[in-house]
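What follows is a structure written as C-alpha cells; I'll ask about it next.
The structure displayed is predicted, hence computed values, not measured ones. Each chain gets a letter, A, B and so on, in the order its sequence line appears, and its residues count up from 1.
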Protein chains: 2
Amino acid sequence: MNPTLEIFSQGEEIVTGQTVDTNAAWLSQACVNMGFTVTRHTAVGDRLDELIALLKEISSRADCCICTGGLGPTSDDLTAQAASLAFSMPLHFDTKAFEQISSFFRNRGRTMPESNRKQAYLPSGAIRIDNQWGTAPGFTLQYNRCRFVFLPGVPFEMQHLFNEFVKCFFERHYTLNPKQLITLKTIGIGESDIQTAIADITIPPEIQLGFRAGPDHIETKLLAPAQYPRQKLDVYIDTIKSRLGDFIFGIADDCNHCDDLPSTIDKMMRDQQRTAIFIETISQGLMAAKCAIANDWLLETHYQRSPAHFADRFSVAFDDIMDLPSQAKSIANAARNQSGADLALIQLYSEDNAIDKQDCTITIYNALLSPEGLRHSTHTIGGSVKRKQNQAALLALDLLRRYLQNTN
Amino acid sequence: MNPTLEIFSQGEEIVTGQTVDTNAAWLSQACVNMGFTVTRHTAVGDRLDELIALLKEISSRADCCICTGGLGPTSDDLTAQAASLAFSMPLHFDTKAFEQISSFFRNRGRTMPESNRKQAYLPSGAIRIDNQWGTAPGFTLQYNRCRFVFLPGVPFEMQHLFNEFVKCFFERHYTLNPKQLITLKTIGIGESDIQTAIADITIPPEIQLGFRAGPDHIETKLLAPAQYPRQKLDVYIDTIKSRLGDFIFGIADDCNHCDDLPSTIDKMMRDQQRTAIFIETISQGLMAAKCAIANDWLLETHYQRSPAHFADRFSVAFDDIMDLPSQAKSIANAARNQSGADLALIQLYSEDNAIDKQDCTITIYNALLSPEGLRHSTHTIGGSVKRKQNQAALLALDLLRRYLQNTN
C-alpha cells in the first residue's frame, strides 16, 4: 500500500481565485512519481481557526501532508502560528533561521525589515528546512500518523526546497514503490495526430497511456507498475518512437531527466561548441529570450518588423518580389559572415497584415544556414498574438534542434 | 454577512497533478465578485466513499458549493451517484436530459455511444441545468443549509453554464453585497519595503489590507465592505499612493481594469504615437518579447553580449574604460539616429562574469534617450539566470513607463 499524501495550500489569493494554485499540481505530480497516493487537495484563506481545524483534520486522515504558503513576513501569514496551536508546539526563535534571513538581505546589500524577524519563529520540535532562495525557511514535523512539510508559496522557492531537501527526506522516511513513468516530449505535432499515429498499437491494460498538451510541447506518457519488466515496456516505447520519429525531442524516465526544448538545444550547442546568430520577426525577441540559460553560444539576436530592414542592416541586395527562401538565404548568409557565428537562424513570414490580429493564421518560414548548407521549415500557426509569438519561437528553435541532433 | 461558498473539484487528473485546476480559480473569482465569501477549495479523485463523505461534510459547513467534474459518460465519473447516495435522492432517468444528449450527437452527425445514456440520470429533486455546449447536463439541489451546484469539468462548458444559468440563479436566491476591491500594482520595490513605507497608516479594521508578490509585479490590495463610503476609502488610497509614488504603474478597482506593465506601456506608446528601439544585454530579447502585443511601435531590438559589439554595430567610438553612462549615451544616440525611432532604451551591466551564474547579483544600468534628453536607472538584481533576465527586462521597461507617464 502506498502512503497517502494530501496537499494543503494556504492563501487568500488562492481561495479568492486571484492566483491559480499551480503548486498543488506540481507537488502532486512529483509525489505521485515518487510513489505516494495523493488523495486530496485543500486550499483555505488566512483565517487562523480554519487553518488549525484543517491541520488537525489532515493529521488524523493522511500519512503525509505538504503545506504551501503562509510563511511570509506579513500579518496575514499565519501558517507557523496555526501549526504551533494545532499541534501544541510553542513557537520558538530559531537563531540559525534568523541568521539565514539576515544574510539573505545582507548579501543583496539591503537592510532587513523588522517584519522579517517573524519568519525565524518555528514550532518547537520541528526540523528547519533551509531556504537559500528566499527569506522563508520551511519546516517539517510529525503529528499523529501524519508527517507535515511546510514550504513557502513562491513556486521557485517551493520547488527548490522540495528538490533539494524534501525528496531525500521522503525517500528515507517512507517505503515507496514508484511506478515507472516514461514521457516522450514532442514538438510540431498535435495531440490528435499523435493519438491517430499510435491508435493501432495494442498496449496491455496494466500500462496507462496518457497525454498532456502544454503551451510549449506535448507529452505522451506511459505509466507502468513498479514490477513491470523494463524489456517488455521498451518494446512499446520503441514502437511509439518509430511512429513519432523526429517530432520527439526528448524522452524522460526514472534514469533520464529530459529538459525542455531550449535546454536541450543549449546542451547540444555547448557540447558541439557552436555559436549562433538569430534573426527574428514574429517571435520578437522570444527565440533568444527562451535561450537565456547561458549566453556564450548565442552571439546576437535581431528583431526587425520587416525583412527589408534586415537586408538594409546587413547590406544585402533586397527585392520585395524575391521569394521567402531567397530573402532568407541572402540575409542569413550576410548575418553569418558579419557576426562570425557558425549558424544563422532566421524566421520570415508571409501575410504581413495578420501578425497583430488575434486568431488570424500566419505562415512562417524558418531557415537555418550552417556550414553544411541551408535547411528550412514552413508552418502555419494561429491563435492569439501571444500564442503565435510563442509557436513561432519554438518552431524556429526546433529547426535548430533537428539540425544539431542529426549532425551529432 | 456574505454567504460562504466552497469549490469542490472532482477528478483523478487534478489530484495527481496531471491537470492544473484552473476551474477553481475562475469560479472563485466570479463568486467573490458577486459577493460570496469563498472559504475553501477541495479536490479529490474518483472514489465513491470519499466523494460521499466530502459532500456531507460540505453540506453542514457552507451556504453554497459549486462542484466541477465527474459528470462524464465513463465509469470513473461518479458525481451524480455520489450526490444521490450522500443526500438520499435516488437517481432517476431524466427524459429531457436524454433528449438533449441525443440531439447533441445527432446535430453533429454522430451516433450516441451507449455510455452517454448514463449522463441522463440525475438525483430526484434536483433542478437540471441544460448544457448546449457538451453532453453533460449540470444540476442543482439543496441539502441541509447548503445549495449545491454541479457543473461539468470542461472549462468552457463550465464557464458557459455558470454565466448563462448559475449567476442569475444565485442572484435570485441570495442577498449579495459585493465588496469593494482596490489593487495598486507596483514595480521596482519589494513587498517588505512596501509594508515599511505604509506601516504607520492606520487603516480601520473593516478594510482588509493584503499583498501579492508575483514574478513581474507586486499588488497591494484594499478590500472594503460594500457599504463603506468611497470618499472615505479614497483617503486611504491616496495616502498609500503618496507613499509609493512612482513605483505604482496602475490601479484597478470595480470601475477600472489595470493591465500588466507591458500592456500599460503598449497603450501609452500608441496613445502618444511614439516609436522605440531596444538595445538588450541581460534581458536577451525578453524586453521586446514582453511587448509583443502589437508590433507597430517597436521598430527593432538588438541583443549582443558585449557593449563593444554594439559600438561596432552602430559605428560609434568605444573605449572599454568609458563608464556605463557614457557608453550607453553614445550607443543609444547612434541607435536612435540610425533607426529613426523617437526613443532608444538601452541596458548595460557591470560584473561581466556574473551573468550566467545562478544566485550571483549583478548591477544593471538602464538608459532611455528621448528628445528631452537622457534618463537612467541603476538596479542590483539577483537570483537564478531566468529571474535576472526577467527582472532586467521589467526594470528597463519600467524606465520607459515612468518617462511615458511623466511626459503625458
Query raised in the report: What heavy-atom pair brings A:Lys386 and B:Lys290 nearest, and what distance separates the two atoms?
Result: NZ-O, 3.5 Å
Query raised in the report: Are the side chains of A:Val20 and B:Trp26 in touch, meaning some heavy atoms are under 4.5 Å apart?
Result: no
Requested in this report: Would you indicate whether the side-chain heavy atoms of B:Arg40 and A:Thr42 approach each other to under 4.5 Å?
Outcome: yes
Query raised in the report: Highest number of heavy-atom pairs under 4.5 Å with chain B: which of A:Val32, A:Thr39, A:Ile277?
Result: A:Thr39
Requested in this report: Measure the shortest side-chain to side-chain distance between B:Gln195 and A:Glu114 over non-hydrogen atoms and say whether it is less than 4.5 angstrom.
Outcome: no
Query raised in the report: Does any N or O in the side chain of B:Gln389 come within less than 3.5 Å of the main-chain N or O of A:Ala292, such that one atom is a donor and the other an acceptor?
Result: no
Query raised in the report: Which atoms of A:Thr37 come close to chain B, meaning under 4.5 Å heavy atom to heavy atom: side chain ones, backbone ones, both, or neither?
Result: neither
**Report entry** Close side-chain approach of B:Thr301 to A:His302, heavy-atom, < 4.5 Å
**Finding:** no
Query - Side chain / backbone / both / neither for B:Thr19 at chain A, heavy atoms under 4.5 Å - result: backbone
Requested in this report: Indicate the atoms forming the closest heavy-atom contact of A:Asp76 with B:Phe211, along with that distance.
Outcome: OD2-N, 4.4 Å
Query raised in the report: Looking at CZ of A:Arg110 and OG1 of B:Thr380, how far apart are the two atoms once the value is rounded to the nearest 0.5 Å?
Result: 10.5 Å
Requested in this report: Counting only heavy atoms closer than 4.5 Å, note whether A:Asn107 contacts chain B via side chain, backbone, both or neither.
Outcome: backbone
Query raised in the report: What pair of heavy atoms forms the shortest contact from A:Gly17 to B:Ser28, and how long is it?
Result: N-CB, 3.6 Å
Query raised in the report: With no hydrogens and no angle check, is any side-chain donor or acceptor of B:His41 less than 3.5 Å from a backbone partner on A:Val15?
Result: yes
Query raised in the report: Quick one: what part of A:Asp21 sits under 4.5 Å from any heavy atom of chain B, side chain, backbone, both or neither?
Result: backbone
Requested in this report: Heavy-atom distances under 4.5 Å only: say whether A:Gln10 touches chain B with side chain, backbone, both or neither.
Outcome: neither
Query raised in the report: So how far is it from B:Ser384 OG to A:Trp133 CH2, rounded to the nearest 0.5 Å?
Result: 11.5 Å
Report summary line: Honestly, the part of B:Gln208 sitting under 4.5 Å from a heavy atom of chain A is side chain
Report summary line: Nearest heavy-atom contact between A:Asn116 and B:Ser192 is OD1-OG, 3.5 Å
Requested in this report: Using a strict cut-off of less than 4.0 Å between a Lys/Arg side-chain nitrogen and an Asp/Glu carboxylate oxygen, indicate whether A:Glu12 and B:Lys221 qualify as a salt bridge.
Outcome: no
Query raised in the report: So what's closer than 4.5 Å to chain B heavy atoms on A:Phe278: side chain, backbone, both or neither?
Result: neither
Query raised in the report: What part of B:Glu191 lies closer than 4.5 angstrom to a heavy atom of chain A: side chain, backbone, both or neither?
Result: side chain
Query raised in the report: Quick one: are B:Gln284 and A:Cys291 in side-chain contact, heavy atoms under 4.5 Å?
Result: yes
**Report entry** Partner chain B: residue of A:Val154, A:Leu5, A:Leu54, A:Ile7 with the largest heavy-atom pair count (under 4.5 Å)
**Finding:** A:Leu54
